[in-house]
Structure formats: C-alpha cells, structure tokens
Amino acid sequence: MTSPNELRHLIAGQWLVGAGDMVTSVNPARPHVVVAEGHSATVADVCHAVAAAGEASASWARKPIHQRGAVLLAAADVVERNATSWGLELATEEGKTTAEGIGEVQRAAQILRYYGNEGDRQAGEIFASPRAGEQILVTRKPIGVVAVITPFNFPIAIPAWKIAPALVYGNTVVWKPATTVPLLAMRLAEALTEAGLPPGVLNLVIGDSPIGAALADHPDIAAISFTGSTTVGRGIAAAATARGVPVQAEMGGKNAAIVLDDADIDLALDQVILGAFRSAGQKCTATSRLILTERIADRFLTELVTRVKALTVGDPTEDATQLGPVITGAAQRNIYRGLGTAMNHGVEVLTGGQPYFKGLLAQGFFVAPTIMELTGPADIWSEELFGPVLAVKRATDADQAFTLANDSEFGLSAAVFTQDLTHTLAAIEHIDVGVLHINSESAGADPHVPFGGAKKSGLGPKEQGGAAREFFTHTTTVYLRGGQA
Ligand code: UN1
C-alpha cells in the first residue's frame with residue numbers, strides 16, 4: 001500500500017505544515033485507506049494567508065490581463081498533462097469513477113484555458129455622451145483579496161471555475177477546500193505554482209468550518225465565492241452582508257427531470273440515469289425528482305428500474321464500475337435516514353432503499369441506487385439528500401408536470417424530455433430554474449455561459465462566463481474629455 005500524501009498549505013508561495021488538528025482524507029470505497037493527511041491550518045494561518053494575498057495584490061493587479069491569462073494557460077497545460085494520474089487520485093479521494101475523475105480534471109484544464117484567453121475579449125464598454133467632445137467609458141477593476149470556499153463533489157473543477165476568473169481579473173485569492181478532498185486541492189495549487197503564479201497570489205488553507213468562518217469573517221476579504229450546503233452558504237452570506245462584502249453562494253438543488261408523453265423514451269432513460277446516478281448523485285445539479293406523465297409512466301418505470309438494477313456499484317477505480325460510494329459515513333447515514341423516513345411515509349420502493357451487508361459494498365460508504373414512487377407528501381420530495389436517490393411522481397399532463405417541477409424551494413436545474421415545440425416553449429416560460437436542459441440530463445455546465453440557481457439554490461451573482469466578470473470586478477465610469485477648453 002502506498003503511504004498517504006502529506007497535506008500542506010500554500011501561503012506566500014511556501015508549502016507549509018499546519019499547526020491545527022489532524023485532517024485525514026480517506027478512500028470512501030475503502031475507508032481504512034488514507035489518501036492524504038496532515039495538520040489543519042489554524043486561524044493564524046488564515047491571517048497569514050490573507051496578509052500574503054494582500055501584499056501580492058497590487059503587483060498582480062498591475063500586470064496586463066494577457067500576462068495573468070498566460071499563467072492560467074500554462075496551468076491548463078500542467079493540469080491536462082496530469083489528467084490520468086490526478087483523475088485516478090480524484091476517484092480514490094472523492095469516490096466518482098476514474099473516467100469521471102479524468103473528465104473532471106480535463107474540464108478544469110478547459111476552464112483555466114477559457115479564462116486564460118479572457119484578455120482577448122471585451123474589457124469594458126463605451127457609451128455616447130450627451131455633451132460635445134466627451135465619451136463615457138466603463139472600465140473594470142479587481143476587487144482585491146477574494147475568499148474561495150469549495151465543496152467536495154467537484155474537487156478540481158469548481159475550484160478552477162472560481163479561482164481562474166478571480167485571478168485573471170486581477171484579484172488575489174485565499175482558498176479553503178473541503179477537508180475530504182485536500183489532495184486534489186493541492187494538485188490545482190501545484191499546477192498554478194508550476195505555471196509561474198507569483199507567491200501570495202493564490203493561497204491554500206485546508207481546514208474545517210472554523211477555518212472557513214475565520215476566512216469569511218476576515219476584515220481584509222473583499223468578496224466571497226462559496227459553493228456548498230444551503231445552511232453554511234446562508235451563514236457565510238449573512239456574515240458577508242453584515243460586513244458589506246459581495247458574496248456569491250451556490251447552494252442546494254432538488255432538480256426535476258420531466259418526461260412527457262411524446263418524449264424519445266430511450267433518450268430520456270439514458271439521460272435520467274446519468275443525471276440521477278453519475279457521481280452517486282452528489283452534484284447540486286443531479287436529478288433527484290422524476291415527473292412522468294400518466295400515459296408513459298408504467299412503461300418508463302419498468303424499463304428504468306431494470307436498467308438501474310443492472311448498474312455496477314463498486315470501487316470507482318475499477319473499469320466496470322458505474323456508481324461509486326458517497327463521500328463519508330455521515331453522508332451515507334444521512335441518506336439512509338432520509339430513505340427510512342420516506343419508507344415510513346408509505347412510498348413505494350421500486351429499487352434500492354436498503355444498505356449493503358456484505359463485502360466491499362458494506363465496508364465502504366456505498367448507497368444502493370434507489371427509486372421511490374410517492375403517492376402523497378413525503379420529505380424525500382423536498383429534502384436534498386445528495387445521493388443516488390430518485391423520487392418519482394406522476395402528472396396528468398405537461399402543465400401539471402411543470403407545476404410539480406416548481407414545487408420546490410430550490411430552483412437550480414431541470415431537464416424536460418419532449419419533442420413538442422409548444423411544450424418546450426411552455427417549459428422555458430414556466431419552470432423556475434437557473435439552468436434548463438431540453439432533452440439532456442439536469443447536470444452539466446459550460447465555462448462561457450452563466451451557471452447558478454433561482455430561488456433558494458443561489459445567492460448573489462451567478463458564476464462563469466460574463467457573470468463571473470460581474471462578480472470578480474467592479475466598474476469605474478470614466479467621463480473622458482480632451483484637455484483643452
Ligand atoms: C455540473 O453539473 O457538471 O456543486 C456542475 C455542484 C455544482 C456544479 C455542477 N456547483 O454540483
């Protein structure tokens with residue numbers, strides 16, 4: 001067995017050992033295997049990191065955006081070159097399959113490349129002036145030292161899509177990743193360092209929520225970008241708002257797939273399975289509710305259950321595996337608690353629902369892919385379980401299906417399966433989400449378009465594309481005239 005990776009923090013360009021409690025990341029498929037371990041950062045380390053980011057700020061902001069972008073482009077090459085080995089490490093530390101892990105590392109490279117080329121895009125705006133001899137320019141400036149707080153479920157792609165825009169627009173960063181995935185965090189920081197990022201421009205502090213709170217509350221933090229649970233996100237947003245600091249919080253989802261009578265059923269089956277069960281359902285964009293119109297419901301469910309029963313659950317680093325474990329024992333218990341509550345409320349379990357009792361599946365943090373049909377109210381319709389669990393309801397027609405889709409306090413994404421243009425247009429108009437897929441799964445995001453949710457799924461400006469520029473810069477409106485009377 002290889003020895004665990006040593007966990008270190010990157011502060012002012014130095015890889016430092018922390019002085020806090022031990023942090024250990026384990027392989028969730030084989031929890032006795034330690035992937036990385038070391039001491040947590042302390043509040044003093046957070047202060048040191050914020051000070052380093054502050055010192056690096058002026059010279060980084062002064063560099064031409066093309067030079068800042070060149071560092072991201074070089075980092076993209078490093079990330080891409082390591083996609084196979086880091087993808088395997090990702091699967092081992094986080095639990096998604098190796099193919100998904102490699103895909104995620106490649107996606108991080110793509111994100112770095114997209115922002116690396118930002119210098120070639122529009123930098124601001126120019127307006128006509130009502131006064132002769134004058135033009136009005138709107139220019140963009142960095143905000144300063146930004147706190148980035150990221151979740152476990154995309155250990156390299158989500159950090160890349162926050163850190164890359166923060167850096168290219170001239171900010172410096174202090175980043176706190178989830179303590180369940182420190183190895184992949186170190187990999188991204190290594191790539192940026194190897195690419196020539198100056199010391200202090202990106203600082204990595206690894207630790208649990210007190211470290212996140214110390215970072216979010218630090219008086220020199222000028223903006224906070226967070227992805228994670230709704231409870232933590234709201235706490236951070238409240239603290240940031242109290243200090244008058246902009247915050248971007250991407251939080252929960254309870255995303256519906258809606259299959260209408262006229263859908264291509266095979267396509268819908270494939271996409272619903274991907275949306276609900278890839279990454280063991282641990283995406284904020286995962287499909288966790290399925291709404292079927294009556295005419296196709298029985299046929300769809302019979303075929304869906306057959307296919308889901310045939311999914312290979314196992315060690316995510318084995319080629320045949322389609323579904324790995326969830327991240328921790330606590331997450332696994334929470335999901336089974338939610339399933340237990342649902343079963344006490346008279347749902348019909350179509351497949352799954354029970355823990356594994358033998359072999360690897362009993363030792364690791366595995367959850368059986370589960371489909372439950374609801375006939376009445378049950379928490380499983382509204383509560384985000386963040387696991388491979390699909391709650392099903394039937395609707396009489398498209399209108400009722402869209403109303404059911406909106407029956408959630410969340411509004412991140414949805415997927416509608418139909419070949420009918422009228423239904424498609426109605427879905428676009430009525431379904432209240434930040435991301436809508438027509439005939440594709442509810443998960444997925446491209447770096448050049450806005451990403452984020454409606455209702456309680458998101459707070460503050462969206463991420464990615466032009467939305468990221470809005471968040472990571474502020475504008476100066478310049479009234480520009482010649483110097484002579
Ligand atoms: C995707 O759907 O590929 O935490 C990305 C999450 C989201 C990212 C989803 N912020 O799952």
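Quantities reported herein were computed from a predicted structural model and do not represent experimental measurements. Both counts, for ligands and for their atoms, begin at 1 and track the order of listing.
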Q | Nearest-neighbour protein heavy atom for atom 1 (C) of ligand 1, which is reported as residue plus atom name and distance | A |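 Sorting protein heavy atoms by distance from atom 1 (C) of ligand 1 puts G444 N, 3.3 Å first.
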
(Q) Starting from atom 7 (C) of ligand 1, what is the nearest protein heavy atom, named by residue and atom, and what distance separates them? (A)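 Ranking protein heavy atoms by distance from atom 7 (C) of ligand 1, first comes C284 SG, 2.5 Å.
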
Show the atoms of ligand 1 that are less than 4.0 angstrom away from any heavy atom in [X].
X	answer
A443	2 (O)
T227	4 (O), 10 (N)
T285	1 (C), 2 (O), 9 (C)
K283	11 (O)

Q) Do the ring planes of F152 and F386 sit parallel (below 30°), tilted (30 to 60°) or perpendicular (above 60°)? A)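 Perpendicular, since the angle between the ring planes exceeds 60°.
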
Q: Before accepting this row, confirm whether a basic side-chain N of the pair E250/K462 lies closer than 4.0 Å to the acidic partner's carboxylate O.
A: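 Looking at K462 together with E250, the answer is no, because their closest N to O distance does not fall below 4.0 Å.
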
(Q) Is it true that, when you exclude D270 itself, more than 12 heavy atoms of the residues, nucleotides or ligands shown sit nearer than 6.0 Å to its CG? (A)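 Counting neighbours around CG of D270, more than 12 heavy atoms of other residues, nucleotides or ligands fall under 6.0 Å, so yes.
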
Q: Measure the CG-CD distance between L184 and E190 for me, rounded to the nearest 0.5 Å.
A: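 Between L184 CG and E190 CD, I get 10.0 Å after rounding to 0.5 Å.
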
(Q) Return the CD1 to CD distance between I273 and E303, rounded to the nearest 0.5 Å. (A)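 Here the rounded value is 8.0 Å.
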
(Q) Taking 4.0 Å as the limit for heavy-atom contacts, which would you say applies to W161 with ligand 1: side chain only, backbone only, both, or neither? (A)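 Side chain only; the backbone of W161 stays clear of ligand 1.
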
**Q.** For ligand 1, the portion of R107 having any non-hydrogen atom under 4.0 Å away
**A.**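 Only the side chain of R107 comes within reach of ligand 1.
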
Q) Any side-chain donor-acceptor pair under 3.5 Å between W161 and Q464? A)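 Absent: no donor and acceptor within the cut-off.
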
